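Predicted model, so just to flag it, every value in this text is computed and none were measured. Ligands are counted one by one from 1 in listed order, and the atoms in each one are counted from 1 as well.
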Amino acid sequence: MAELIVALDVANRQEAVERVKAIGDQVGFYKIGLELFTAEGPDVVRAVKDLGKKIFLDLKFHDIPRTVERAVKSGGALGVDLMTIHSVGASAMIRAAADAAESFGENGPKILAVTVLTSLDKTDLEDIGVAGRTPAEQVAAMARFATSSGAHGLVCSPMEVGALSSTLPAGTLFITPGVRPAGSAVGDQKRIATPADAVRDGATHLVVGRPILAAPDPAAAARAILAEMEGAKA
Ligand code: C5P
C-alpha cells in the first residue's frame, strides 16, 4: 500500500507542530525541506519525530562523496526515514550515500535520487552540458544509473512513475510530488496526477502539500486523499 507524506512547507517549528497535530493520527509521514530545515535545523526533525511521525528529510545533497556520506550519517543519527540526493553527483557519491544509510541497518534511512529537476526543460539541459536528450530520456537514463549505483528509490513526477516502475527492479521506491485530488487547486504544479492515478502507476509514496495544508479542514483533506489511495490499490 502506498503511503501519504505531507510536505511540511511552513516557516517555523511552531507552525509545523500545529499542522501535524491538526492532521492527526491518520498521517504518519512528513516531509521537511529546505525552507523549514534552514530555519529550524534538526530541532524541527526531533519535534515532529516526538509526535510519533516518520520523516522524509528533503535536502537534496550534492557534494563530494565523503561529505555526502557524513551528512547521511547525521540524518541517520537523527532517525530520519527518507533522504534525497542529486543523481548528478555521480556513482561514487550515490554509493557513499547508500553505504552510509545502510550502516544503520534495516531501519536506517533510504536514499532517494533526484534525476532531473522538474523545473528544467531541454534548453536548460543543453545549458548545463546535457545535449541530445529530452528531459524524459535524461530522467530514464539517470533513474537506471542512480538505482544501479545504490539509490533505494527515486523522486519522480507522476507522469514518469508508470514508465519507471515498470522497468526498474522490484522494491525500488517511487516518491511522487505533483499530486492533486480532482477539483483541487493546481497552484504552480504543471504535470499533475490524481492520488489514484499515481498509486495505480506504481508510486510507493505520494507527497502532498498545499491540497492538505491550505485546505479549510486539513484533516478532512488528508482523509479524502487517503480514501482515494485506498480505493486505487484494488
Ligand atoms: O504543495 P505541493 O503539493 O505542490 O507540494 C509538493 C512538495 O513536493 C513541495 O515540497 C515541493 O517542493 C516538492 N516537490 C515538487 N516537485 C518536485 C520535487 C519536489 O513539488 N519535482
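In this structure a side-chain-to-backbone donor-acceptor pair under 3.5 Å is present from H152 to I111.
Between D9 and R19 there is no salt bridge, since none of the side-chain N atoms of the basic residue sits less than 4.0 Å from a carboxylate O of the acidic one. A salt bridge is defined here as a Lys NZ or Arg NE, NH1 or NH2 lying under 4.0 Å from an Asp or Glu carboxylate O, and K122 with D124 fails to meet this definition.
Proximity to V208 (heavy-atom distance under 4.0 Å) selects the following atoms of ligand 1: 3 (O). Listed by number with element, the atoms of ligand 1 under 4.0 Å from a non-hydrogen atom of P177 are 8 (O), 14 (N), 15 (C), 16 (N), 17 (C), 18 (C), 19 (C), 20 (O). Taking a cut-off of under 4.0 Å to the non-hydrogen atoms of G209, the atoms of ligand 1 that pass are 1 (O), 2 (P), 3 (O), 5 (O). Counting atoms of ligand 1 from 1 in the listed order, those under 4.0 Å from a heavy atom of A7 are 7 (C), 10 (O). Heavy-atom proximity to Q189, at under 4.0 Å, picks out these atoms of ligand 1: 4 (O), 6 (C), 15 (C), 20 (O). Close contacts between ligand 1 and R180 involve ligand atoms 1 (O), 2 (P), 3 (O), 4 (O) [criterion: under 4.0 Å to a heavy atom].
For ligand 1, none of its N or O atoms has an N or O atom of D58 under 3.5 Å away. Of the polar atoms of R210, at least one N or O is found under 3.5 Å from an N or O of ligand 1, judged by distance alone.
The closest protein non-hydrogen atom to atom 9 (C) of ligand 1 is D9 OD2, 3.2 Å. Distance from atom 21 (N) of ligand 1 to its nearest protein heavy atom, with residue and atom name: T118 OG1, 2.8 Å. The shortest contact between atom 12 (O) of ligand 1 and any protein heavy atom is with K31 NZ, 4.1 Å.
Residues L164 and A140 share a closest heavy-atom pair of CD2-CA, 4.2 Å. Scanning both residues, D197 and A193, for their nearest heavy atoms gives CB-CB, 4.1 Å.
Residue-level proximity to ligand 1 for P211 is carried by the side chain, the only part with a heavy atom below 4.0 angstrom.
L112 and Y30 fall into different hydrophobic clusters, where Ile, Leu, Val, Met, Phe, Trp and Tyr residues are linked whenever their side-chain heavy atoms come under 4.5 Å apart, directly or through other members.
For D50, the CG atom is densely surrounded, since the number of other residues' heavy atoms within 6.0 Å is greater than 12.
Side-chain contact check for E69 versus D99: every heavy-atom pair is 4.5 Å or farther apart.
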